[in-house]
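Down below is the structure, laid out as structure tokens.
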Amino acid sequence: AALAEDRIWVDSMPTSRLAHLVIGLVATVPRAFVFPPPLPHSAVQSLGRGVLLSNDDALQRIGGLASSGRVVADWSQVSSRTRRRAATIEEAPAENNDVSGTDAVAAAKTALREAAKAANRGFDAPPGANAKAREALDAVVALAPLAESGGIAGNWNLLWTDAPDILGLGGSPFTRLGRIGQIIDDAAGTIVNVIEYGPAAWAPEKFQADCVEQRIILDYTASGDEYDVSIRGVGLRPLRVLALEFDRRFDAVGAFGLPFGRFTVLFNDGDLRIVRTAQGYYAVNERV
């Protein structure tokens, strides 16, 4: 690394070579900063190839190593201006700007949940809300390599989508749209898309908890993160009707499935799942 006016260029090379390198600080440091033991990987892993550092950044890295005994520095040959700046850096409390991968994923997921809520799942969203939800989605997908992988089995609720076949559901003058979700049985290889409807807002209060579940029954096969889906049947499941608990299921399932579509899992940590359909639409689901 060589000092040239106010910048130090740290060139990328194997740690073992850096460990034994005599760093000539041109003009201001005739003698060397010598690294007898190997320089720890943590000190150089964030530098990358050919990273240009300001004096403050470089002095902080070198000064920190010197104070820990890993760097032997002949400060008598360093200019007084450089010594003063290094002393200031050494006396100042170190800031910890490192964010773990887990924290980064959690923060991105929180931002996505908030954006999805502001966009009303994608239905009649305020101007710009769906665009912000999509940006938040992309941020989570970018962190997928840092997240632990989770299975798709379980009960999921839709948080946000831009798929027109879902956004076209809506309600009617007599109904309001409730939960949209999926019940996935990994062992059986089935996905049941569920859409719940309740009474419109004008219905008497005692009927407001009524709920009927529309069901679309699918089979799926998986190859890595790719899922092929076939439709097997449809059904209805009245959960509560006219203020009376009902909860009966009426499913009509055929012997064979018909091709229904394909989706790719872009992110799934077992808590939040993001998929992209073959048509290029997105859906965010949260485990119940």
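Here the CG-OG distance, from Asn268 to Ser149, works out to 6.0 Å after rounding to the nearest 0.5 Å. A distance of 4.5 Å separates OG1 of Thr190 from CG of Asp185, quoted to the nearest 0.5 Å.
Applying side chain to side chain contact (heavy atoms under 4.5 Å, CB included) to Tyr227 and the options Val265, Thr221, Ile191 leaves one that passes, Val265. For the side chain to side chain contact (heavy atoms under 4.5 Å, CB included) with Asn193, the lone residue among Ile166, Ile217, Leu218, Ile231 that qualifies is Leu218.
Among pairs with a residue in residues 138-147, those fulfilling salt bridge (Lys or Arg N to Asp or Glu O under 4.0 Å) read Arg134-Asp138, at least two apart in sequence or across chains.
When the side chains of ILVMFWY residues are joined at heavy-atom separations under 4.5 Å, either directly or via intervening members, Leu158 and Phe263 end up in two distinct hydrophobic clusters. At a threshold of 4.5 Å between side-chain heavy atoms, the hydrophobic network of Ile, Leu, Val, Met, Phe, Trp and Tyr places Phe246 and Leu244 in two separate groups.
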Would you tabulate the side-chain donor-acceptor contacts of residues 116-129 under 3.5 Å, counting partners in other chains and residues two or more places apart, or write 'none'?
{"unit_1": "Asn120", "atom_1": "ND2", "unit_2": "Phe123", "atom_2": "O", "d": "2.9"}
{"unit_1": "Arg121", "atom_1": "NH1", "unit_2": "Gly178", "atom_2": "O", "d": "2.9"}
{"unit_1": "Arg121", "atom_1": "NH2", "unit_2": "Gly178", "atom_2": "O", "d": "3.2"}

Would you tabulate the side-chain donor-acceptor contacts of residues 234-241 under 3.5 Å, counting partners in other chains and residues two or more places apart, or write 'none'?
{"unit_1": "Arg237", "atom_1": "NE", "unit_2": "Asp247", "atom_2": "OD1", "d": "2.9"}
{"unit_1": "Arg237", "atom_1": "NH2", "unit_2": "Asp247", "atom_2": "OD1", "d": "3.1"}
{"unit_1": "Arg240", "atom_1": "NE", "unit_2": "Glu245", "atom_2": "OE2", "d": "3.3"}
{"unit_1": "Arg240", "atom_1": "NH1", "unit_2": "Asp210", "atom_2": "OD1", "d": "3.0"}

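The minimum heavy-atom distance linking Tyr220 with Asp186 is given by the pair OH-OD1, 2.5 Å.
Membership of the apolar cluster around Trp202 extends to Phe174, as traced through chained side-chain contacts below 4.5 Å between ILVMFWY residues. With a 4.5 Å cut-off between side-chain heavy atoms of Ile, Leu, Val, Met, Phe, Trp and Tyr, the cluster of Trp160 takes in Val105, Leu112, Leu137, Val140, Val141, Leu143, Leu146, Leu159, Leu266, Phe267, Leu272, Ile274, Tyr282, Val284.
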### Chi angles and distances behind the side chain to side chain contact (heavy atoms under 4.5 Å, CB included) call for Tyr197, Gln214
CA-CA 8 Å; Tyr197 291 94; Gln214 177 184 336; 3.7 Å; yes

### Task
Test side chain to side chain contact (heavy atoms under 4.5 Å, CB included) on Val212 and Glu196 and set out the steps.
CA-CA 6 Å; Val212 175; Glu196 293 182 358; over 6 Å; no

### Task
May I have the step-by-step check of side chain to side chain donor-acceptor pair (under 3.5 Å) for Glu286 and Asn157, ending in yes or no?
CA-CA 5 Å; Glu286 178 181 48; Asn157 279 345; 5.8 Å; no

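Every residue meeting the side chain to side chain contact (heavy atoms under 4.5 Å, CB included) condition with Thr277, not counting sequence neighbours, appears here in chain and number order: Gln279, Tyr281.
Under the 4.5 Å side-chain criterion, counting only non-hydrogen atoms from C-beta, Ile180 is in contact with Leu169. Between Ile152 and Arg273, the closest side-chain pair of non-hydrogen atoms falls below 4.5 Å. Taking 4.5 Å as the limit, every side-chain heavy atom of Ile216 sits out of range of all side-chain heavy atoms of Val192. For the pair Ile184/Trp156, a side-chain contact is recorded, criterion being any heavy-atom separation below 4.5 Å from C-beta on. Using a 4.5 Å heavy-atom cutoff, the side chains of Asp228 and Phe260 are not in contact. Gln208 places a side-chain heavy atom less than 4.5 Å from the side chain of Arg176.
Between the side chain of Ser223 and the main chain of Glu226, no donor-acceptor pair closer than 3.5 Å is present. Checking side-chain atoms of Arg232 against main-chain N and O of Gly254 turns up a donor-acceptor pair under 3.5 Å.
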